[in-house]
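Since the structure comes first, as C-alpha cells, the remarks are kept for the end.
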Protein chains: 2
Amino acid sequence: MNHSELIKGTLSTLILRLLEERKRMYGYEIAQCIKEMSDGKILVKEGSLYPALHKLEADGLLSVEEEFIGKRVRRYYRLTEKGQSQSALAIRELRSFLATMENMITQTNPLPI
Amino acid sequence: MNHSELIKGTLSTLILRLLEERKRMYGYEIAQCIKEMSDGKILVKEGSLYPALHKLEADGLLSVEEEFIGKRVRRYYRLTEKGQSQSALAIRELRSFLATMENMITQTNPLPI
DNA sequence: ATTTTTACATAGATTCTTGATGTATTAAGA
DNA sequence: TCTTAATACATCAAGAATCTATGTAAAAAT
C-alpha cells in the first residue's frame, strides 16, 4: 500500500482543482506541481496523467491551446464553463470523502450497530 | 464522481482498521458498519467486499472461523499477527495520504514552482 | 404467504494506474 | 564539445480494484 495506489479516482479532481487556481497549465507542469505540493509523496506518471487530461478534454471539462516554445509544443489546458461547475462539485465531493475517511480511521472503538 | 469511485485503494485498509477495533467481524457486518460510520455515504458492494476479504485472507493478514447461526454459515474474520503489523502500516499510510490530499485541495493559490 | 433482510459467493465488464517504450528538443555539466 | 538530465508530449499491454448482475438460501418481518 502506497500513495500511488491511493490516488485512484482522485487524479482528475486534483487536476481540476489546480486549474481552478492557476487558470492555465500544461501537463508536465501539472505533474511537477502535484509533486511539489505533496512533498514528493504523490508522483503522477505520464501513463496516468496524459490519459486523464485527454479524458477531461473529451468530456468537455478542459479546453486546449497548443503553443510552441522554440520547436517544442506545449498543450496548455484551462477549465471550460462546464469544467468550472464540475470542478466545484468534484472538489466538494472529494472533501466530504476525505472527512468521512478521516473520521472512520480515527474514531476509536466504533460501537456495534 | 462519487464516493464509491473514491474508495478505490482504501477498502482493505478500512477493513483492517475495523478489525483492529472490533477484533472479530463477518463480511456482512463489515459492510453495514462502513455504511453506518460513513452516514450512508460509503456503500461497499458484495462484489468488492468479498473479493477484498478473500485477498486479505490469502495474503495471510486475516484468519477465518466459520460459525453456524442456525443453518446459516458466518465467516468471522480477525487479524493475524502479520495482519496487525500490516494494519498499523496501512493506516499510517492512509492517514498521511488523506492529510496530503486535504492539504492540496485546500490551500489557495498554490505558487508556481 | 410474501417480502425484506441477512449472508455468503462469483463472473464479466469497466475503470484507473503502472511500467515500458517511443520521439524529440533544450539545458546543464563534465 | 560531448554527454547526460530535464523537458514535453504520447501510447500500449498488463495488472489491480471496483461495480453490476446474478445466484443460492435461511431467517425475520410484514
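What you are looking at is a predicted structure, and each value in this text was computed from that prediction instead of being measured. Values below: all heavy atoms of this structure, side chains included; hydrogens, waters and symmetry mates excluded. Here is how names work: the chains are called A, B, and so on, in the same order as the sequence lines, proteins then strands, and each is numbered from 1.
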Please state whether the phosphate of C:dC16, meaning OP1 or OP2, lies under 4.0 angstrom from any side-chain nitrogen or oxygen of A:S48. no
Return the value, rounded to whole Å, for the distance between atom CD1 of A:I42 and atom P of C:dT18. 10 Å
What is the minimum heavy-atom distance between A:L16 and A:A90, and which atoms define it? CD1-CB, 4.4 Å
Among the nucleotides D:dT7, D:dT18, C:dC8, whichever has the atom closest to the side chain of A:Q32 is D:dT7
If only side-chain N and O atoms of A:Y50 are considered, is one of them under 4.0 Å from the OP1 or OP2 phosphate oxygen of D:dA10? no
Flag, side chain of B:S85 to backbone of B:K82, donor-acceptor distance under 3.5 Å: yes
Between A:F97 and A:T10, is there a side-chain heavy-atom distance shorter than 4.5 Å? no
Ring pair (Phe, Tyr, Trp, His ring centres under 6.0 Å): pairs with one or both residues in residues 43-94 of chain B, sequence neighbours excluded: B:Y26-B:Y76
In whole Å, what is the span from the NZ atom of B:K45 to the P atom of D:dG23? 20 Å
Before you tell me yes or no, could you show the steps for A:T100 and B:D39 under side chain to side chain contact (heavy atoms under 4.5 Å, CB included), namely the whole-Å CA-CA distance, both residues' side-chain angles and the distance that decides it to 0.1 Å? CA-CA 9 Å; A:T100 301; B:D39 271 317; over 6 Å; no
Would you say C:dC8 has OP1 or OP2 under 4.0 Å from some side-chain N or O of B:Y26? no
First of B:E66 and A:E46 reached from the 5' end of DNA chain C, by closest nucleotide: B:E66
Would you mind reading off the distance between B:L14 atom CG and D:dA17 atom P, rounded to a whole angstrom? 15 Å
Is there any salt bridge (charged side-chain N to carboxylate O under 4.0 Å, His left out) pair reaching into residues 50-65 of chain B, and which pairs are they, with sequence neighbours excluded? B:R24-B:E65, B:K55-B:D59, B:E57-B:R75, B:E65-B:R78
Could you state the atom-to-atom distance from CG of A:L56 to P of C:dT15 in whole Å? 14 Å
Linked hydrophobic residues, A:L89 as query - side chain contacts closer than 4.5 Å: none
Are the side chain of A:T80 and the backbone N or O of A:L61 linked by a donor-acceptor pair below 3.5 Å? yes
Checking the side chain of B:S96 only, and the main-chain atoms of B:R92 only, is there a donor and an acceptor separated by less than 3.5 Å? no
Readout for nucleotides 24-30 of chain D: B = base within 4.0 Å of protein heavy atom, S = sugar-phosphate only, - = neither; 5' to 3' it is --BS---
Residues B:R74, B:E29: salt bridge by 4.0 Å N-O rule: no
Look at A:R75 and D:dC9 and indicate whether a side-chain polar atom (N or O) is within less than 4.0 Å of OP1 or OP2. no
Each nucleotide N or O in nucleotides 3-5 of chain D that has a protein N or O under 3.5 Å away: list the pair and distance.
none

Starting from the first five and the last five pairs of the helix from C:dA1-D:dT30 to C:dA30-D:dT1, work out the angle between the resulting helix axes, to 10 degrees. 30°
Over all atoms of both residues, closest heavy-atom pair of B:T106 and A:R17: O-NH2, 3.6 Å
Please give, in whole Å, the distance from C:dT6 P to B:F68 CZ? 20 Å
I need the CD-C1' distance between A:E65 and D:dC9, as an integer number of Å. 17 Å
Assess whether atom CD of A:E81 is packed by more than 12 heavy atoms of other residues, nucleotides or ligands within 6.0 Å. no
Please determine if a side-chain N or O atom of A:H54 lies less than 4.0 Å away from the OP1 or OP2 oxygen of D:dC9. no
Write down the distance between CG (A:D59) and C1' (C:dT15), rounded to a whole number of angstrom. 13 Å
Starting at atom CD of B:E29, determine the distance to atom C1' of C:dT6, rounded to an integer number of angstrom. 12 Å
